[in-house]
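Data block below; observations after.
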Amino acid sequence: MDYQALVYSLSDRVGVVRLNRPEKMNSLNPQLLDELAAIAAAVDHDPEVSVLVITGTEKYFCAGADIGELAKIASPEGGFQFTRRFHHTFQRLGNLSIPVIAALSGYVLGGGFELAINCDLRYASESAVLGLPEVDLGVLPAATGTQKLPRLVGLGAGLELLLTGKRIDAKEALRIGLVNGVFPKETYMEEIMSIARAMAQKPRAALTANKRLATRGIDMPFEAASVYESTQFAAMCQTPDFQERIHRFLKR
């Protein structure tokens with residue numbers, strides 16, 4: 001596929017998606033959302049990709065939904081369909097069998113914020129500014145923001161961001177558990193790629209199993225989740241990767 005609103009590259013088993021609408025601060029329009037969904041579908045079936053990183057530019061990870069597209073909404077049905085397009089793309093990313101990392105720098109606002117919280121891990125430059133300003137427009141972050149954020153950082157911290165529309169810096173995002181780490185703006189991408197490359201050296205099946213168990217099991221009753229865990233472990237014990245690595249370990 002010929003991508004126009006993003007740039008994709010692959011190196012050392014790490015796929016990198018760079019949002020590429022600099023004239024619009026990487027805002028999310030239908031084309032970019034469709035291309036992200038297409039990338040997700042492609043890498044999910046590519047055995048050469050073990051980790052996916054999504055990033056933007058130094059000044060803008062993503063400033064949110066394209067305001068021009070928002071202005072076109074003329075009916076409740078139009079508003080519903082507008083949000084469902086976001087949900088479709090973000091669900092494709094969230095359901096990827098491999099880990100997805102958001103590399104955040106500059107403005108991470110609105111729909112861009114929601115894109116980030118639909119990734120598995122988030123690492124930020126110290127320059128990152130994050131927020132959900134939708135309440136100031138008289139609406140809500142309906143691309144999973146009201147649902148994903150409280151589950152990620154807790155109800156109190158989530159409500160504060162939702163109800164005030166305030167922007168927070170990377171340090172505060174780390175404190176509340178919104179991001180997993182913060183790096184200097186000069187080296188943040190190198191640091192994040194180092195994490196991604198190290199992760200990508202792990203057996204792909206093990207990455208998939210760990211992600212699946214953690215993300216699905218968290219919403220299951222504990223006893224059912226523990227049985228699910230044991231079943232998956234039993235299946236993993238039969239994989240060539242496990243057999244090879246356990247024998248290598250014993251030889252050492």
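Both backbone and side-chain heavy atoms feed into the values below; hydrogens, waters and symmetry mates do not.
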Where do [X] and [Y] come nearest, in terms of heavy atoms and distance?
| X | Y | answer |
| --- | --- | --- |
| Leu32 | Asn29 | N-OD1, 2.9 Å |
| Asp44 | Ile98 | OD1-N, 4.4 Å |
| Gly110 | Pro133 | N-CD, 3.6 Å |
| Ile117 | Lys148 | CD1-CB, 3.6 Å |
| Pro150 | Gln147 | CD-O, 3.7 Å |
| His45 | Ala41 | ND1-O, 3.0 Å |

First locate atom [atom1] of [X], then atom [atom2] of [Y], and finally report the distance between them rounded to the nearest 0.5 Å.
| X | Y | atom1 | atom2 | value |
| --- | --- | --- | --- | --- |
| Glu190 | Arg197 | CD | CZ | 8.5 Å |
| Leu109 | Arg167 | CG | CZ | 5.0 Å |
| Leu149 | Leu178 | CG | CG | 6.5 Å |
| Leu115 | Leu36 | CG | CG | 6.5 Å |
| Phe80 | Arg84 | CZ | CZ | 5.5 Å |
| Gln4 | Glu35 | CD | CD | 6.5 Å |

**OP:** Step by step, work out the side-chain contact (heavy atoms from CB on, under 4.5 Å) result for Val14 and Leu10.
**Re:** CA-CA 6 Å; Val14 178; Leu10 174 63; 5.6 Å; no
Return a table of donor-acceptor pairs under 3.5 angstrom between the side chains of residues 48-56 and protein atoms on other chains or two or more places apart.
from  : atom 1 : to     : atom 2 : distance (Å)
Ser50 : OG     : Arg13  : NE     : 3.0
Ser50 : OG     : Arg13  : NH2    : 3.0
Thr55 : OG1    : Ala103 : O      : 3.2

Check whether any side-chain N or O of [X] sits under 3.5 Å from a backbone N or O of [Y] as a donor-acceptor pair, and report yes or no.
| X | Y | value |
| --- | --- | --- |
| Asn210 | Ala206 | yes |
| Asn26 | Tyr60 | yes |
| Asp169 | Ala128 | no |
| Lys72 | Gly78 | no |
| Ser105 | Glu58 | yes |
| Arg175 | Lys171 | no |
| Arg122 | Ala116 | yes |

Original post:
Is the CD1 atom of Ile218 crowded by more than 12 outside heavy atoms at less than 6.0 Å?
Top reply: no
**OP:** Using a cut-off of 6.0 Å, state whether more than 12 heavy atoms not belonging to Glu191 lie near its atom CD.
**Re:** yes
Hey, quick one: are [X] and [Y] part of the same hydrophobic cluster, counting side-chain heavy atoms closer than 4.5 Å, chains of contacts allowed?
| X | Y | answer |
| --- | --- | --- |
| Leu207 | Leu93 | no |
| Met25 | Leu33 | no |
| Ile195 | Val179 | no |
| Met199 | Leu96 | no |
| Leu28 | Phe113 | yes |

Beyond-backbone contact of [X] with [Y], side-chain heavy atoms, under 4.5 angstrom:
| X | Y | result |
| --- | --- | --- |
| Tyr8 | Val43 | yes |
| Tyr123 | Tyr188 | no |
| Leu130 | Phe61 | no |

**OP:** Before giving the answer on side-chain contact (heavy atoms from CB on, under 4.5 Å), spell out for Tyr107 and Lys59 the whole-Å C-alpha distance, their side-chain angles and the decisive distance to 0.1 Å.
**Re:** CA-CA 6 Å; Tyr107 290 104; Lys59 290 185 177 181; 5.9 Å; no
Exercise answer: donor-acceptor pairs, residues 134-145 side-chain atoms, under 3.5 Å, sequence neighbours excluded:
from   : atom 1 : to     : atom 2 : distance (Å)
Thr144 : OG1    : Asn118 : ND2    : 2.8

Subject >> Verdict with reasoning, Leu162 to Leu132, per side-chain contact (heavy atoms from CB on, under 4.5 Å) >> reply: CA-CA 6 Å; Leu162 290 165; Leu132 293 167; 3.7 Å; yes
Subject >> Donor on one side chain, acceptor on other, Arg21 and Ser27, under 3.5 Å >> reply: yes
Original post:
What's the verdict on side-chain contact (heavy atoms from CB on, under 4.5 Å) for Val7 and Leu19, showing C-alpha distance, side-chain angles and the deciding distance?
Top reply: CA-CA 7 Å; Val7 177; Leu19 308 185; over 6 Å; no
Subject >> salt_bridge(Asp34, Arg85) N-O dist < 4.0 Å >> reply: yes
Subject >> Lys/Arg N to Asp/Glu carboxylate O, Lys211 vs Asp120, below 4.0 Å >> reply: yes
**OP:** Hey, can you tell me if Phe90 and Phe86 have their rings parallel, tilted or perpendicular (30° and 60° cut-offs)?
**Re:** perpendicular
